[in-house]
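FYI, the numbering just counts along the sequence from 1.
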Amino acid sequence: MWDSSRRSAPWMLAAALAAGLLVAGAVPAASGSAVPDATADPELSVSLAYEFLDARVDEFCDGSGHCLPRSYQGGFFTTPTWDFTPSFVYDDALVVIAYTARGLPDDIRRARAIGDTLLFVQANDPIGDGRTRASYEPHGIRQGRVEITGPGTFTGNQAWVGMALARLFHATGDQKYLDGAVEVAQWIQTNTADTVRAPYGYTGGQLEDGTALVWKSTEHNTDIAGFFSQLALLTGDTVWADRAAVAANFVTAMQAVDGHVDTGTLLDGSTVNTYPVPLDAQTWSYLGTGDARYGAALDWTLTNLIATDGPYSGPSISGTDVSKVWFEGSGHLALSLTLRGAPGDAASAEALLAGIRLAQRDAPNGDGKGIVATSTDGLDSGFGDLYYASLHTGTTAWYLLAAAGDNPFRLPTD
């Protein structure tokens, strides 16, 4: 899988089952029948989405104030007899950034609780070289220990953790967050920089046994371009700007003549991997680099990746399966269109946000507050995994960022 190792992909469930990480006796997600209808009230919808995140964050905390929210709940992931609770650091990073976007005192408190936990797992990693892993068990955090459920060290995940810590430093001025972000960045540079095989950029990271993932991903390099640009601003060290430019140039090399952006390279690090074409490569290239050339990728998306599934319409995760809506993608496509501001973009963005609000109210396995990952179960990503209509912290956070017009790849301007 070239790219899904970055995402909080449900294929991790198989490994979790094998490792016995499912907790018996869980209760399914609440029906949400008593939650107000917010489909016509964007402000109320946002407030309810934050309530969902609040409950997830507060569910698993230890006595030291460390908290990690479970990533998925309900439907496929929650039955009367078992529960899948791992917390994916990509989702955790998005939740941190969404909290800083609103910035209320309790938001910053919860963002710090997650950020402190990311620093805790970083400091207590078995290797201890600045890395974090793909996912952790919140039950372990609640007991004051680190329990790794996704042991891979994927480059994109590292960059998202770094962006969350950078955002926390920007919001609080607490040096420990910037120090942690620099450690993450140094791990990326030391272990994944590829200036031998053109187009130069950053490779996929490492597996649990230290095996290097030698392909290069457009999404990972977009993440790095955004993260390293933030570090350049926060540290004043121009070396991070230079490194961000390497990652951004890789993304440029992946843009096809029709405007869409391909997924990355094959194992040789040079040959373009043209299948599947994922949504993230289109929207994040625009958000992560700020380069107007990727407006063509947004237009390509609106023509080629929009799905209709019953009452729901929005982007799918890739061109492999356009039968279902990927609401996480609805969030970052809406944000991209809002920030681009071309004719028709505002109306298109609002239609996407309205679709998310409809899903908040009516989607299978919802609770009236959080946002499910997909319109119905079984969305095929094209990278060997499926996504499900289950409540998801990452999807909810992307909705909140889109509603606020807050680009997670950029630091807020004061």
Side-chain angles (χ1 to χ4, degrees), residues 8 42-43 45-58 61 65-69 71 87-122 132 156-185 223 226-235 284 287-288 290 328 331-332 334-336 338-339 369-371 392-414:
S8 52
E43 185 175 341
S45 173
V46 164
S47 178
L48 292 170
Y50 273 112
E51 286 184 20
F52 169 77
L53 292 184
D54 292 348
R56 298 289 78 72
V57 174
D58 295 347
C61 298
H66 297 137
C67 306
L68 275 188
S71 287
S87 180
F88 292 84
V89 295
Y90 163 68
D91 297 325
D92 300 332
L94 284 166
V95 172
V96 167
I97 298 170
Y99 274 131
T100 65
R102 188 170 67 169
L104 298 177
D106 276 347
D107 296 336
I108 299 302
R109 175 180 60 80
R110 288 187 172 96
R112 289 182 71 117
I114 299 171
D116 290 347
T117 307
L118 294 173
L119 293 178
F120 174 70
V121 298
Q122 181 187 49
T132 58
N157 286 341
Q158 305 309 296
W160 276 100
V161 169
M163 284 191 283
L165 295 174
R167 181 68 77 100
L168 270 171
F169 173 72
H170 183 270
T172 69
D174 195 330
Q175 184 66 34
K176 68 182 178 182
Y177 298 123
L178 182 56
D179 292 344
V182 170
E183 282 192 56
V184 171
D223 300 340
F227 174 36
F228 284 5
S229 293
Q230 293 180 24
L231 281 188
L233 289 173
L234 294 175
T235 66
W284 291 12
L287 293 172
E328 179 182 329
H332 43 80
L335 178 60
S336 300
T338 296
L339 296 180
K369 296 182 178 182
I371 316 299
H392 181 212
T393 55
T395 299
T396 305
W398 267 115
Y399 167 55
L400 292 169
L401 290 169
D406 189 315
N407 184 353
F409 294 94
R410 294 287 179 264
L411 295 171
T413 56
D414 296 325

Separation of Thr393 OG1 from Tyr90 OH (nearest 0.5 Å): 10.0 Å
Which residues satisfy the ring pair (Phe, Tyr, Trp, His ring centres under 6.0 Å) test with Phe228, sequence neighbours excluded? Tyr202, Trp240
Look at the side chain of Ser71 and the backbone N and O of Phe88, then say whether any donor-acceptor pair between them is shorter than 3.5 Å. yes
Between Asp179 and Lys176, is there a side-chain N and carboxylate O pair less than 4.0 Å apart? no
Any salt bridge linking Asp406 with Arg167? Criterion: basic side-chain nitrogen under 4.0 Å from a carboxylate oxygen. yes
Could you walk me through whether Tyr99 and Asp54 pass the side-chain contact (heavy atoms from CB on, under 4.5 Å) test, one step at a time? CA-CA 10 Å; Tyr99 274 131; Asp54 292 348; 2.7 Å; yes
Restricting to non-hydrogen atoms, name the atom on Val95 and the atom on Leu53 that form the minimum distance, rounded to 0.1 Å. CG2-CD2, 4.1 Å
Around atom CD of Gln175, are there more than 12 heavy atoms from other residues, nucleotides or ligands closer than 6.0 Å? yes
Polar side-chain atom of Thr396 near backbone of Ala49 as donor-acceptor pair, under 3.5 Å: no
Mind telling me whether His332 and Trp398 have parallel, tilted or perpendicular rings, with 30° and 60° as the class edges? perpendicular
Student check: side-chain heavy atoms of Trp160 and Val89 closer than 4.5 Å: no
Can you check whether Thr132's main-chain N or O pairs, donor with acceptor, with Gln158's side chain at less than 3.5 Å? yes
Closest non-hydrogen atom pair between Gln122 and Gly180, with its separation: NE2-O, 3.3 Å
With the side chain counted from C-beta on, respond yes when Val46 and Leu400 share a heavy-atom pair under 4.5 Å apart, and no when they do not. yes
